[in-house]
Structure formats: structure tokens, C-alpha cells
2 protein chains.
Amino acid sequence: MRKADKVTVDVISQKAGVSTATVSRVLNDSPLVHPKTKRKVLRIVQELNYVPNALARNLSLNRTDTIGAILPWVASGFYSELLRGVDDVARAAGYHIILGICHDREQGPELALKYIREQRTDGLIILDPVLDEPILDEIRRQNVPFVLIDRTVPSQHVNTIMIDDFNGARNMTRHLIEEGYQNILFITGDLQSYDARERLRGYQEAIEESQLAQKKELVIESNFTREDVVPKIAKYVEKNLLPDAIFCSNDEMALGVYRYLLENDYKIPDDVALAGFDGIDTIDFLGITTAKIPMHDLGAAAARLLVDQLVKGRSGGDTPALQPQKVMLQTELLIRKSTLNPKKAAKLVENGPIQTKLVGEKRREPLL
Amino acid sequence: MRKADKVTVDVISQKAGVSTATVSRVLNDSPLVHPKTKRKVLRIVQELNYVPNALARNLSLNRTDTIGAILPWVASGFYSELLRGVDDVARAAGYHIILGICHDREQGPELALKYIREQRTDGLIILDPVLDEPILDEIRRQNVPFVLIDRTVPSQHVNTIMIDDFNGARNMTRHLIEEGYQNILFITGDLQSYDARERLRGYQEAIEESQLAQKKELVIESNFTREDVVPKIAKYVEKNLLPDAIFCSNDEMALGVYRYLLENDYKIPDDVALAGFDGIDTIDFLGITTAKIPMHDLGAAAARLLVDQLVKGRSGGDTPALQPQKVMLQTELLIRKSTLNPKKAAKLVENGPIQTKLVGEKRREPLL
DNA sequence: TTCATTGGTGAAAGCGCTTACAATTTCGGC
DNA sequence: GCCGAAATTGTAAGCGCTTTCACCAATGAA
């Protein structure tokens, strides 16, 4: 049924009375075709509503105009912003996105390799914290441009987009100190993960550098989950005096602590201040201070890096390959009511629970 | 650089001492190749780590193994579950997903058409509430299978996955009535939208059918946004007596109302009960009753429908085309503390704020 | 031994597009 | 009006895979 009306270059060239070569040239805006011919061909193209078959085109050009996005699906809502960022710049550059959701630990690398080997993608954006070296080598060996997100890698010759967890945590801690909090409890994430270690380091650095005397460094080790943190904070609070402030390594844990505190009639921030890290919706709604990870920018930056490589690679092999880059994005310190010390706050204008004030780093210009 | 080591069917056939036809047959598991030959070829394939080029394969087969997902990016986190659902069943069926995010109203249909015309996809899943008829016709004319999500369409011959907004809202209202609430305020979404109208209808139906005498039907018209609803609810509460319960057409508005109520020292549910619709994270955290839209299933159902069509279409043209289907998915009534009438609740076991109880429809078996 | 059969296999023609190269036309300058 | 260069256009060979159809070697029956 479709077969009959399938319109290809040949059909066009026939009707226009030119060769397929000319049609192709017209379609690709080649300068070496006579304006008159061009008009004629374009008219037919319009008339028949012709659009070149991408597959054939790509096969011929040895290019797919597609980039693969390999993502885990850990925190669904969280990553979607990232995807949006990738899409924004990729689309602007004429690239499509093929989705590679790695459901479990195994599938991620598999998928990436499959896409590459099948040559379905021109490049890859990989967000997979547990990608191990051998796989990475395998990927690199394929000679396809790729960008890693939020993943440290020993080898230098890899494009990477990172979050500056260290500075994010340090700034947060500084903020708490500036607000006059003295005993700041820090709850770590899973210390296996690089992010968790960096955030801890940031906290420690800020504590150390603080001029105030004998700051105590208070740390509870947890694992980024709500379930794990609640009993720990409960036990801690019962055994010790309540700290001035609690800084959780991520928002998820902050939510757990938040609930615990409210249920036990502690007032935030009057009895204890609370801060998280990530910038998820619920934290936003509750008016809890956090260090927001610029997910959109993260995706956009990755895509930008990748697209640059691809475009460079396309324009002849003569231009030298781009040097692999490491980009570091800053978090955004969103100060909310939950960390505004009432003693100081009295002097300030009233802060609504949702109102967000920007302190610390300036807002990054959005990429793209 | 890559050129030299590019391994194709020819290379394989050469090394194996057979023709490319045979290699192809081996790769496609054709029965008419001698086991011995097959083994030989497969060994070489392994050895050279050969994977067929998808582009060439697809061009030849006139098929892409790809389905396009056209989505708006209205509520980022919300749709990601849907995408996951699509991915789950699509991948299981051997299809890839190419992402089509329509940023603004214009781009959606454009994108869909582009993908089709370029023949980048075998089929399409479209979630776009404002897709208009002409475009739809155009899409249909392309003779490519597609499925519409949450979008009513006059014409019968279209695959559609719908949410049963009517029943969802009716069940919610029934629940509120059962809990003994008498004055139930309903806040509508943008009544331009079909969803909004259906939810209103469900509410009205439940009110009407309730045996209790002279139920008043209380309706405030809003538009699904927090900004719009807050002043309206404020004005309403100031002018009238507080209703028993407030049922918002979506969670977003419920959040607005929630905040308003708390800020004005109304206790939920003691002074007034609160319910939403959608099932977003924050509502979950706050322990607010809602009708959860099964986003994952929505995507999975759409993908299932599409994949069935595609597979059917693939297996020779003799099998009759599948009849277009309309699938209706039920929402899940998540009853939380926010609508448990204290007078009745006294008899019940204490309900923690997060605890979710399932009432009404049984949990749908997840598709796939 | 000879003649259909029947697996197995290979040659070659696509799939729909691009592009190097050859062929043709056009044109200014003589 | 003629010539070579420049401007257009056409021819045909790919891109890497599938698949039709023809071909060949076994195999069994006669």
C-alpha cells in the first residue's frame, strides 16, 4: 500500500527532469546548482511533499545525527531535567536523542556498547556512576566520542562533566556557620561514592577553616536513603544534645530528618536548622535550604561538549581532535527559612517558606 | 583511522570463506544454512567482534526498530515515569526509543511528522493534549502506526490510552462522602481540558448519587496551577464558612491549598480534609490523599499497543491489521491521613503520615 | 547408472541516498 | 566565430546489509 506512493529521489529527479545527483545537491544546499534548476526541483519536492529517508542518507554519510543518552533510572524525576538539558542543545545542533535507560547495574554498559557497535549513534552521553574501567576502555576503543557525567575517571583523556560537590558542601557549611550555628551535624551519603566523600570533605574543610574556636566536627555516616537515616538521627538525638543544625548529604535524607524532627516537636529552624543537597521538588515546597544541582545545565553542558566534538569530527579529518575536557559545574545555594537563624533573622525581612534567596555563587548562565 | 579496521559482512565472509549472503543468513538465524558453516561463521564473528551496522540493516529491511516518543515537558518529573514505562516494554520487544520533546505548542506535531517523514521511526507514541485534528489527519495519512496518550479524539480509528478521570474523581468524592464529609469543595482544572471536565463530572456524579440529603455542590473554577488557586481559595474561605473537605483537581493545586491552610492555622484533616489528583512526590511526602495516575502503566500500555501493531505489521501483510483500540486505565485511590475524618478515625488504627492505604480499585497488575 | 529432489550456497540486485569524476554547457575575451 | 575556463549537470560507484533466484552437490528412487 505504501509502496506505490513511496516517493524517493528518483521520483523527484524523474519529474523534475534532472538526475538524482542534482536533486541531492538541491536538498543539501550545494552551491553548484543553478538557481533555476534549484527552484524547479524544490517545487516538485514541495508538491510531492518529499522528505529524504534519513536511514539512507545516514548510511551514505556514515553518520546518524543521533546521540545516545545512557541513564540509570534511580531517581526518576531528578534525571528528567537532565534529559531536557541534553535535548535542548542536541536538538539545536540537529541531533536526535536515543534513550538508553539502564535498568540494572548490568545493562548500562551493555547498552552503550551495543549502540556504538551497531553504529546507531554518533556519540554517547553516559551517566552511570558504576561504570567500571574495563568497560570504559572498551568504549574508548570504539573510537566514538562520549561524555561522562558525574563520574570521576583516572584517565585524563575523557570528557567529563562534574558537579562541584566539595564547594557545594563547603559553601553550605559556611552559610550555616555564618548564620551562627555552632554544632553542625553532618550526615554523609554512602561513602563508597565519590559524591558522598566530596561533600563530606567540603563540610570538613569549612569547619576547619572557621575562625570560631573549637568547632566540633559532628558526623553521622549514612547512605543517602531515608530509611537508613531516620533511626540513626533518632538514636543520635536521644543520646546527645540536639545539634544547632543538621546538614544532610542529600535531600532525600533531609526529608527523613525533617519528618523525624517535626514528629518529635522540634521546630525548624528554631530548635535546629536543616539543610539538604540536590534540590528536589519536595524540599523546595517545604522551604528547606539546599544546594541545588543544576540538572538542566549538567545535561546541556554534556551535550554541548559532545556536539562540539561531533561537529569538529565532521568537518574533515584535518582539524585536530578537540582536547578532552573536564567541566565542573557549581551547585546553587538555595537559602530558605530552614537555616535562617531566628536570632539573626529577626533583623531581616520576613522570609516566606518558599521564597528562595540566592547566595554564594551567582546563577550560572544557562548553557545554550 | 576507523576506516582501516571497519569490519563488515564482506570482511567476515572473506575470512570465513563464504558469501555475504551466508553470513547474513547466519546472523539472522536462517534455518537454511548448514550447522557446520554456521559455526565457522560465528567463530569469525566472535573473533572480530563483529556487530552488523544497524543503519544498513534497517535500510535494507525498511524498518528502524525504533519508536518515537513525543512528549511535552510540562511536568518534568511526572512524565519520566511514563517514559520508563514505554522503555520497559519497547526494549523488551527489541525497539529503541527516540525522544521527541516538544518544547512549545508548535513543535510537537512538527516533530512527529518529521520523524515519520524521515522514516526514523516505525511508530509513534504521542502525548500531546493540544494536537489538533488536521495534524492528526496528516499523521494518519502517513500510514504509520501510532498511539495517543490521554487525548480524546473524535475519530474511532485511533489507538488511545486514556485515564479514567471520571471514575477517579467519583471514587475520591465517594470516599470523602463515606468519611462523613458533608460540604465538599471541588476545585476544577482548566475546563478547556478534557481531563478537567471529566474530573468535575466525576465529582458531580458522586455528589448527586449520594444518599445524604441536600448535598450542596460546591465548585471553584481554577486552572491546575498553584498561583491561580491560592487567591481563590483564600477569598472563598474568607467569605464563606470553611468547607468540610477540599478536593483539588490536581496535586499542584492541592499543594497551594495545603500551604494556605497551614499558614492560616487550619488543621488538616481536623478542620478541613484535603485531597488531590495525580500522585506527585510531594503530595506523597505530606500524606495527602490523592488519586494516583499510573504513569508507568500508561507508558507501558501505550508501548504494548504500538508494539503489537508493529509486530503484526511485520509478519507479512496477510494478517489483518489490528483493530484500533481504546484502553482506559484506572487511577489508584491513595488514602492518607489528610482525608481521614477524625471522628471516624478514632476507631481506626493510627495512620502515620506517609502510610498509604489502598482502597477502591485494586492495584492494576503492571503491564509487561 | 540416471534423474528428479532437496538442502546449501553464491551472484547480484536492490534499499534510498551521496559524491567523485566525467561530460556537457555557457561565456568572456580574442 | 573560436577557445579554454568556469559553471552545471549526469553517470555510476559506493554506503553495509538482505534476499531473490539460480546453481551445485548430494541424496534417494528407479
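No experiment lies behind these values; they were computed from the predicted model shown. Basis for what follows: all heavy atoms, side chains included, without hydrogens, waters or symmetry-related copies. Within every chain, numbering begins at 1; the chains are lettered A, B, ... in the order of the sequence lines, protein sequences first and strands thereafter.
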Notebook entry, point to check: Can you check whether B:Ser24 has a side-chain N or O nearer than 4.0 Å to OP1 or OP2 of D:dT18?
Noted result: yes

Margin query: Side chain of B:Lys6, heavy atoms from C-beta onward: which of D:dG16, C:dG16, C:dG10 has the nearest atom to it?
Written below: D:dG16

Check: Between A:Tyr95 and A:Thr64, is there a donor-acceptor pair closer than 3.5 Å when you use the side chain of the first and the backbone of the second?
Finding: no

Checklist line | Those residues of residues 44-53 of chain A lying under 4.0 Å from DNA chain D by at least one heavy atom | finding: none

Check: Given atom CG of B:Asp10 and atom C1' of C:dG10, what is their separation to the nearest angstrom?
Finding: 13 Å

Note to self: According to side chain to side chain donor-acceptor pair (under 3.5 Å), who are the partners of B:Arg63, at least two apart in sequence or on a separate chain?
What the structure shows: B:Asp65

Margin query: Could you tell me how far apart B:Asn62 (CG) and D:dC17 (C1') are, to the nearest whole angstrom?
Written below: 13 Å

Note to self: Check A:Asp308 with A:Lys312, please: is the shortest side-chain N to carboxylate O separation under 4.0 Å?
What the structure shows: no

Note to self: Could you work out how much the helix from C:dT1-D:dA30 to C:dC30-D:dG1 bends, comparing the axis of its first five pairs with that of its last five, to 10°?
What the structure shows: 50°

Note to self: Nearest whole Å is fine: how far is C:dG16 P from B:Arg117 CZ?
What the structure shows: 17 Å

Note to self: So B:Leu61, base contact, sugar-phosphate only, or nothing? Heavy-atom distance under 4.0 Å.
What the structure shows: sugar-phosphate

Margin query: Below the 4.0 Å mark, does D:dT18 have OP1 or OP2 next to a side-chain nitrogen or oxygen of B:Arg57?
Written below: yes

Next item on the list: Mind calculating the distance between CG (B:Leu59) and C1' (C:dG16) to the nearest angstrom?
Entry: 6 Å

Next item on the list: Not counting sequence neighbours, list each pair that qualifies as a salt bridge (charged side-chain N to carboxylate O under 4.0 Å, His left out) and has a residue in residues 13-26 of chain A.
Entry: none

Next item on the list: Kindly give the heavy-atom pair with the smallest separation between A:Val89 and A:Ala303, and that separation in Å.
Entry: CG2-CB, 3.4 Å

Note to self: I'd like to know if the side chain of B:Asn159 and the backbone of B:Pro324 have a donor-acceptor N/O pair within less than 3.5 Å.
What the structure shows: no

Notebook entry, point to check: Any donor and acceptor pair, going by atom type alone, linking the side chain of B:Thr160 with main-chain N or O of B:Val158 inside 3.5 Å?
Noted result: yes

Checklist line | Side-chain donor/acceptor of A:Tyr50 to backbone N/O of A:Leu42, under 3.5 Å | finding: no

Item checked: For the student: nearest non-hydrogen atoms of B:Val307 and B:Ala90, plus distance -> CG2-CA, 4.5 Å

Notebook entry, point to check: For DNA chain C, whose closest nucleotide is more 5', that of B:Ala21 or that of A:Val9?
Noted result: B:Ala21

Next item on the list: Kindly say whether B:Ser30 contributes a backbone atom to a donor-acceptor pair with the side chain of B:Asn28 at under 3.5 angstrom?
Entry: no

Checklist line | Between P of D:dG16 and CD1 of B:Ile12, the distance in whole Å | finding: 13 Å

Note to self: Below the 4.0 Å mark, does D:dC17 have OP1 or OP2 next to a side-chain nitrogen or oxygen of B:Asn58?
What the structure shows: no

Next item on the list: Rounded off to whole Å, could you give me the CZ-to-C1' distance for the B:Arg39 and C:dG8 pair?
Entry: 15 Å

Note to self: From CZ of B:Arg63 over to C1' of D:dT18, roughly how many Å is that when rounded to an integer?
What the structure shows: 11 Å

Please write out the pairs of protein N or O atoms and N or O atoms of nucleotides 23-28 of chain C separated by less than 3.5 Å, giving the distance to one decimal.
none

Check: Looking at A:Thr20, A:Ile44, A:Val41, which one forms a side-chain contact (heavy atoms from CB on, under 4.5 Å) with A:Ser13?
Finding: A:Thr20

Note to self: Suppose we call a contact any N or O donor and acceptor under 3.5 Å apart; does that hold for the side chain of B:Ser60 and the base of D:dG16?
What the structure shows: no

Item checked: Point-to-point distance, once rounded to the nearest 0.5 Å, from CD1 of B:Ile97 to CD1 of A:Ile97 -> 12.5 Å

Check nucleotides 6-9 of chain D against the protein and report each pair of N or O atoms closer than 3.5 Å, with its distance, or say if there are none.
{"from": "D:dT9", "atom 1": "OP1", "to": "A:Thr37", "atom 2": "OG1", "distance (Å)": "2.3"}
{"from": "D:dT9", "atom 1": "OP2", "to": "A:His34", "atom 2": "N", "distance (Å)": "2.8"}
{"from": "D:dT9", "atom 1": "OP2", "to": "A:Thr37", "atom 2": "OG1", "distance (Å)": "3.2"}

Notebook entry, point to check: Looking only at heavy atoms, which two atoms of A:Val147 and A:Ile161 are closest? And how far apart?
Noted result: CG1-CG1, 3.8 Å

Checklist line | Note: B:Glu138-B:Arg141 ion pair, threshold 4.0 Å (strictly below) | finding: yes

Item checked: Spacing of B:Asn28 atom CG relative to D:dG16 atom C1', expressed in whole Å -> 13 Å

Notebook entry, point to check: Going by an N to O cut-off under 4.0 Å, is there a salt bridge joining B:Arg140 and B:Asp137?
Noted result: yes

Next item on the list: Can you figure out which of C:dT18, C:dC17, D:dG16 approaches the side chain of A:Thr8 most closely?
Entry: C:dC17

